J.: 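A single structure is presented below for examination.
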Amino acid sequence: MAWDFSTDPEFQQQLDWMSRFVREEIWPLESLWRELGLEGLQRALEPLKREVKERGLWAAHLPVELGGQGMGQVRLGLMHEVLGTSPIAPLAFGNAAPDSGNSEILALAGTEEQKERWLHPLLAGDLRSAFSMTEPDTPGSDPTQLRTSARRDGDEWILDGRKWFTSNGSIADFLIVMAVSNPDARPSQRASMFIVPVDTPGVQIVRDVPTMEHPWESFGSYGGHAEVIYDGVRIPAQALLGGEGDGFVIAQQRLVPGRIHHCMRWLGVARRAFDMMCERATYRHAHGSLLADKQTVQNWIADSAAEMQAARLMTLHAAWVMDTAGARAARTEVAMVKFYGARVLHDVIDRALQVHGSLGYSTDLPLEQMYRFARAARIYDGPDEVHRQSVARHVLAAYAPPADGVPSEHLPTRRERARARFAELLELVSAND
Ligand SMILES: Cc1cc2nc3c(=O)[nH]c(=O)nc-3n(C[C@H](O)[C@H](O)[C@H](O)COP(=O)(O)OP(=O)(O)OC[C@H]3O[C@@H](n4cnc5c(N)ncnc54)[C@H](O)[C@@H]3O)c2cc1C
């Protein structure tokens with residue numbers, strides 16, 4: 001019987017190296033991020049990227065033949081737990097969202113020409129990409145309602161529509177756009193994906209939408225969420241990614257593993273907040289004792305430790321199912337950890353912030369920023385409610401109403417059946433009385 005929670009020693013060494021490297025080389029850059037700007041940050045990251053490549057850890061999410069490491073989801077998950085401790089670390093490891101997911105899409109569905117033109121430069125860090133699916137006027141949680149259209153005109157496609165929350169859209173060189181190419185097809189086959197260079201006439205990057213995470217008006221910064229208008233955008237037939245009508249199939253292939261990586265990165269963030277909470281408890285003295293001695297704080301620490309452990313094991317288990325049985329088989333496990341992990345992330349940061357009082361609320365600590373980041377986790381890659389619904393549906397599929405309409409565990413009915421079954425025994429017992 002195989003039941004093993006250990007990490008093989010060789011990979012553990014890589015994880016130990018990554019933990020040290022991220023903490024010593026990348027964490028210090030975090031506080032200078034805004035000052036450095038994107039270009040400055042890229043310069044600072046160049047030597048670090050070289051080290052990562054030498055170590056064989058660059059673009060680890062991709063198969064070996066495309067310059068990745070072909071690690072499988074469990075190893076990738078463990079790696080993302082380390083990288084998740086810093087919002088910058090994925091950039092140094094060639095697997096920052098959304099480029100990582102987009103490179104997976106190109107690797108999965110791209111033609112040789114598309115890989116040559118877009119994937120290889122993306123992996124080399126020479127191009128940036130964005131994924132443009134969500135629209136302000138239709139529910140992102142039900143993308144079968146998408147309205148952005150793709151109309152065939154001879155050797156070209158013409159795109160029309162409005163998108164928003166196209167992350168990194170304002171700094172991207174190309175966009176992967178989901179559009180309805182056949183409104184009469186079955187809902188799951190209506191949409192296709194297209195590669196659209198941002199400088200194509202008709203593409204208008206309207207703004208970066210200010211959000212809870214970036215509340216100030218800005219344009220063209222890393223991590224911005226662009227609103228984009230596609231107004232009669234003409235692209236060649238070769239811009240179609242995968243087959244016509246394959247948009248949702250490709251999106252699922254990208255999103256399922258991507259969710260596991262999100263969940264592991266959240267654990268990295270939660271761990272950092274947890275460490276801050278525990279450190280604070282050891283020195284803040286109030287009302288006659290340390291915070292560490294107050295039962296409420298002890299409960300928060302114990303609950304956080306237990307919940308993080310649960311989320312970690314659930315995530316690694318989902319990764320294992322994916323490695324052993326494929327992404328489709330892991331859909332329920334992944335949906336479960338997506339909403340559970342997002343809640344754990346939020347709750348741990350919330351408690352850590354509370355333990356720090358006004359310091360936690362201030363920008364002198366990274367907790368308020370983590371808190372704002374955590375709120376989005378319940379929305380992107382599918383809102384919690386949709387994942388809960390799909391888990392519940394899967395669970396309920398194994399149940400049916402009782403044939404006689406009486407609950408299976410109804411005690412009087414069970415007792416009656418047991419009496420009939422053990423009548424002889426009961427008779428014997430009462431005869432001996
Ligand atoms: C930080 C961030 C980054 C993002 N990056 C990208 C990106 O790069 N590219 C991109 O295309 N999109 C991106 N998005 C958009 C994201 O994918 C959508 O916001 C998400 O899919 C939800 O769609 P919506 O906002 O239209 O909400 P809606 O679909 O309108 O849903 C609103 C709410 O309705 C409720 N609801 C919906 N369905 C159900 C249900 N079945 N049962 C019960 N309640 C339900 C939920 O509470 C849900 O939150 C990003 C979003 C965020 C916050």
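All residue numbers in this chain count up from 1 along the given sequence. Model, not experiment: these values are computed from the prediction. We count ligands from 1, going down the list as the structure has it; atoms in each ligand are counted the same way.
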J.: To check your reading of the model: name the closest protein heavy atom to atom 46 (C) of ligand 1, its residue, and the distance in Å.
T.: Glu385 OE1, 3.2 Å

J.: Using 30° and 60° as the class limits, which term best fits the ring planes of His225 and His214: parallel, tilted or perpendicular?
T.: tilted

J.: Does some non-hydrogen atom of the protein lie less than 4.0 angstrom from atom 44 (N) of ligand 1?
T.: yes

J.: If you measure only the distance, is there a donor-acceptor pair under 3.5 Å linking the side chains of Glu135 and Thr148?
T.: yes

J.: Evaluate the 4.0 Å heavy atom contact test for atom 17 (O) of ligand 1: does a protein atom fall under the cut-off?
T.: yes

J.: Step by step, would you call Arg271 with Asp275 a salt bridge (charged side-chain N to carboxylate O under 4.0 Å, His left out)?
T.: CA-CA 6 Å; Arg271 179 77 218 187; Asp275 288 344; 3.2 Å; yes

J.: Is there a donor-acceptor contact under 3.5 Å linking the side chains of Ser390 and Arg331?
T.: no

J.: Decide whether an N or O pair under 3.5 Å exists between Gln389 and ligand 1.
T.: yes

J.: Do any non-hydrogen protein atoms sit less than 4.0 Å from atom 33 (C) of ligand 1?
T.: no

J.: If you count the atoms of ligand 1 from 1 in the order shown, which ones are under 4.0 Å from a heavy atom of Thr138?
T.: 26 (O)

J.: For atom 31 (O) of ligand 1, state which one of Ala251, Ser141, Ser132 supplies the nearest heavy atom.
T.: Ser141

J.: Taking non-hydrogen atoms only, is Lys163 closer than 4.0 angstrom to ligand 1 via side chain, backbone, both or neither?
T.: neither

J.: Counting heavy atoms only, name the option from Trp164, Phe373, Phe131, Phe165 that's nearest to atom 14 (N) of ligand 1.
T.: Phe165

J.: Under 4.0 Å from a heavy atom of Pro383: which atoms of ligand 1 are those, numbered in the order shown and with their elements?
T.: 48 (C), 49 (O)

J.: Under a plain distance cut-off of 3.5 Å, with no hydrogens placed, do Asp350 and Gln354 share a side-chain donor-acceptor pair?
T.: no

J.: Which atoms of ligand 1 have any heavy atom of Ile379 under 4.0 Å away?
T.: 19 (O), 20 (C)

J.: Just by distance, do the side chain of Arg151 and the backbone of Ile158 share a donor-acceptor pair under 3.5 Å?
T.: no

J.: So with a 6.0 Å cut-off around CZ of Arg23, is the heavy-atom count from everything else above 12?
T.: no

J.: Tell me: protein heavy atom nearest atom 5 (N) of ligand 1, and distance?
T.: Ser167 OG, 2.8 Å

J.: Is a side-chain donor-acceptor pair under 3.5 Å present for Asp381 with His262?
T.: yes

J.: So, taking the atom named CD in Glu307 and the one named CE in Met314, what distance separates them when rounded to the nearest 0.5 Å?
T.: 11.5 Å

J.: Are any of the N/O atoms on Ala376, whether in the backbone or the side chain, positioned under 3.5 angstrom from an N/O atom of ligand 1?
T.: no

J.: Report the member of Thr134, Asp142, Asp381, Asn102 with the shortest heavy-atom distance to atom 10 (C) of ligand 1.
T.: Thr134

J.: What residue and heavy atom of the protein are closest to atom 24 (P) of ligand 1, and at what distance?
T.: Gly140 N, 3.6 Å

J.: Show which atoms of ligand 1 fall inside a sub-4.0 Å distance from at least one heavy-atom site of Val386.
T.: 38 (N), 39 (C)

J.: Give a yes-or-no answer on whether the side chains of Tyr230 and Ser132 include a donor-acceptor pair shorter than 3.5 Å.
T.: yes

